[in-house]
There are 2 protein chains.
Amino acid sequence: MSPSEVADAPDAGSIEPTAAKARIIRAALDLFARHGVGGTSLQMIADEIGVTKAAVYHQYKTKDEIVLAAAEDELARLQAIIDAAETEPSRKRAPDMLVTGIVDLAVDRRRTVSTILSDPVIADFFAEHETFHEVMHRLRRVLIDDDAGPEAGVRTAILLAAISGAVMHPFVVDLDDDKLRAELLRLARRFLGLHG
Amino acid sequence: MSPSEVADAPDAGSIEPTAAKARIIRAALDLFARHGVGGTSLQMIADEIGVTKAAVYHQYKTKDEIVLAAAEDELARLQAIIDAAETEPSRKRAPDMLVTGIVDLAVDRRRTVSTILSDPVIADFFAEHETFHEVMHRLRRVLIDDDAGPEAGVRTAILLAAISGAVMHPFVVDLDDDKLRAELLRLARRFLGLHG
DNA sequence: GTCTATAGTGCGATAGAC
DNA sequence: GTCTATCGCACTATAGAC
């Protein structure tokens with residue numbers, strides 16, 4: 001690869017090395033949210049960014065690769081929030097910081113995050129995805145109190161599922177971001193016993 | 001139609017009048033949960049119940065009609081639970097009864113309910129569906145305390161979204177039904193301030 | 001990196017016999 | 001109510017020029 005292609009990718013963990021790939025993933029996530037993963041074709045993605053299908057295939061060999069890259073792109077945002085919470089020196093403030101970050105992320109990306117996570121194909125993929133399980137483990141380590149019972153892990157999983165599942169649910173579609181964010185934070189803190 | 005075909009459909013509100021239609025909807029819901037709505041073809045539905053595509057088309061003129069009927073079939077289960085809670089004479093016990101019923105339903109049908117509700121096409125459909133909004137209104141009337149503030153409706157929507165969104169989330173896929181049910185009930189009661 | 005052109009497949013949907 | 005047969009179309013994916 002030529003130097004110019006990787007000039008703007010200083011961080012090693014980046015998932016989208018080239019601008020062309022990043023444009024495809026951005027368009028794909030937007031279309032997945034609007035029509036579902038199965039309801040989105042490569043033609044639609046190509047049209048969205050103004051190129052032909054063949055140009056898309058030059059970046060990703062199959063549609064599955066695009067779905068996978070899109071899912072990992074969303075997962076990377078969650079990883080960044082965990083990174084920040086893990087550097088928090090106060091063990092008492094770290095859980096609230098993490099929960100706040102997750103709620104902000106979920107509300108900010110409410111149009112895509114739930115569709116991605118709820119899609120059966122992606123759910124199956126995550127079930128066998130190593131990085132995904134690693135993320136869950138790190139989440140639990142920050143959130144769960146040391147003297148918590150064995151049910152704490154279960155509770156954590158359910159809380160996170162509730163947050164990301166709630167943000168684009170039909171029941172809350174006509175709710176503005178601020179109200180949704182505030183109530184989700186209230187729900188999360190109540191459930192965890194936090195009093196931030 | 002012959003009398004034998006409608007002999008086992010005494011309730012007027014039934015959505016699936018014929019056995020043939022009921023079989024199609026049951027197969028469709030199962031396949032939607034496994035492959036998504038967009039990822040399920042009429043051929044797959046026909047194969048699942050052992051007939052040809054043309055036989056399916058005889059019952060429903062388009063694929064959209066099948067998706068719509070499937071969504072209404074799931075909605076009908078929620079309506080039945082609200083019916084039961086509305087007949088509860090004690091206004092104090094009714095909310096807990098309703099929440100318990102909703103959690104039971106969500107866990108019992110965790111493979112389908114979240115996929116159906118999260119699908120963008122179905123979400124758009126529900127947004128303009130009169131019965132859906134009617135169901136939401138009845139839910140709020142049972143759940144919300146009379147002296148509750150204006151945020152109560154928002155909280156109710158989020159709680160319900162959290163429950164149905166959580167049940168088939170990747171975070172909880174490896175959780176058995178009993179643990180999931182118990183923790184969801186705990187979450188719901190805490191959030192509503194119930195102490196059943 | 002993007003294009004045109006095309007192969008091969010499966011899709012939703014229809015017509016008409018039984 | 002189910003069948004066979006088929007239409008026209010959109011899909012994923014590939015080949016090869018620029």
Side-chain angles (χ1 to χ4, degrees), chain A residues 1-9 15-29 31-32 34-71 119-122 125, chain B residues 1-9 14-29 31-32 34-71 119-122 124-125:
Chain A
M1 48 184 161
S2 69
S4 64
E5 280 170 353
V6 290
D8 55 337
I15 291 171
E16 307 139 21
T18 69
K21 277 185 172 169
R23 265 159 60 223
I24 291 172
I25 296 306
R26 206 181 322 129
L29 282 171
L31 288 164
F32 289 167
R34 271 153 53 199
H35 308 105
V37 177
T40 300
S41 68
L42 290 177
Q43 185 67 68
M44 291 163 76
I45 296 173
D47 289 347
E48 184 86 357
I49 57 181
V51 296
T52 62
K53 278 188 293 180
V56 175
Y57 270 107
H58 182 72
Q59 305 295 338
Y60 295 99
K61 267 175 277 187
T62 63
K63 183 183 176 181
D64 273 5
E65 270 189 28
I66 296 176
V67 177
L68 198 146
D119 190 275
V121 178
I122 293 182
F125 156 66
Chain B
M1 46 184 161
S2 69
S4 64
E5 280 169 353
V6 290
D8 55 336
S14 179
I15 290 170
E16 307 138 22
T18 69
K21 277 186 172 167
R23 266 158 60 221
I24 290 172
I25 296 305
R26 207 182 320 132
L29 283 170
L31 288 164
F32 290 167
R34 273 153 53 198
H35 308 105
V37 177
T40 300
S41 69
L42 292 176
Q43 186 67 67
M44 291 162 75
I45 296 173
D47 289 348
E48 184 86 357
I49 57 180
V51 296
T52 62
K53 275 193 295 181
V56 175
Y57 269 106
H58 182 73
Q59 305 294 337
Y60 295 100
K61 267 174 278 187
T62 64
K63 182 183 177 181
D64 272 6
E65 270 190 27
I66 297 175
V67 177
L68 197 146
D119 190 275
V121 178
I122 293 183
D124 288 353
F125 155 67

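As the structure is a prediction and not an experimental result, all values here were calculated from the model. Below, chain A is the first sequence line, B the second, and so on; all start at residue 1.
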Could you check how far [atom1] of [X] sits from [atom2] of [N], rounded to whole Å?
X	N	atom1	atom2	value
Asp47(B)	dT2(D)	CG	C1'	15 Å
Ile49(B)	dG1(D)	CD1	P	12 Å
His58(A)	dT4(C)	NE2	P	16 Å
Ile45(B)	dT2(D)	CD1	P	14 Å

- Item | Closest contact, heavy atoms only, Ala27(B) versus Glu48(B) | CB-CG, 3.7 Å

- Message: For a quick test of reading the model, state the closest non-hydrogen atom pair linking Thr40(B) to Lys63(B) and the distance between them.
- Response: O-NZ, 2.7 Å

- Kindly indicate whether the side chain of Val56(B), heavy atoms from C-beta on, has any atom under 4.5 Å from the side chain of Ile66(B). yes

- How many angstroms lie between CZ in Arg23(B) and CD in Gln59(B), if you round to the nearest 0.5 Å? 8.5 Å

- In this structure, CD1 of Ile24(A) is separated from CG of Leu29(A) (nearest 0.5 Å) by 12.0 Å

- Message: Each nucleotide in nucleotides 3-18 of chain D should get exactly one letter: B, S or -. Can you fill that in based on protein heavy atoms under 4.0 Å?
- Response: BB------SBBBB---

- Test ring pair (Phe, Tyr, Trp, His ring centres under 6.0 Å) applied to Tyr57(B) - qualifying residues, sequence neighbours left out: none

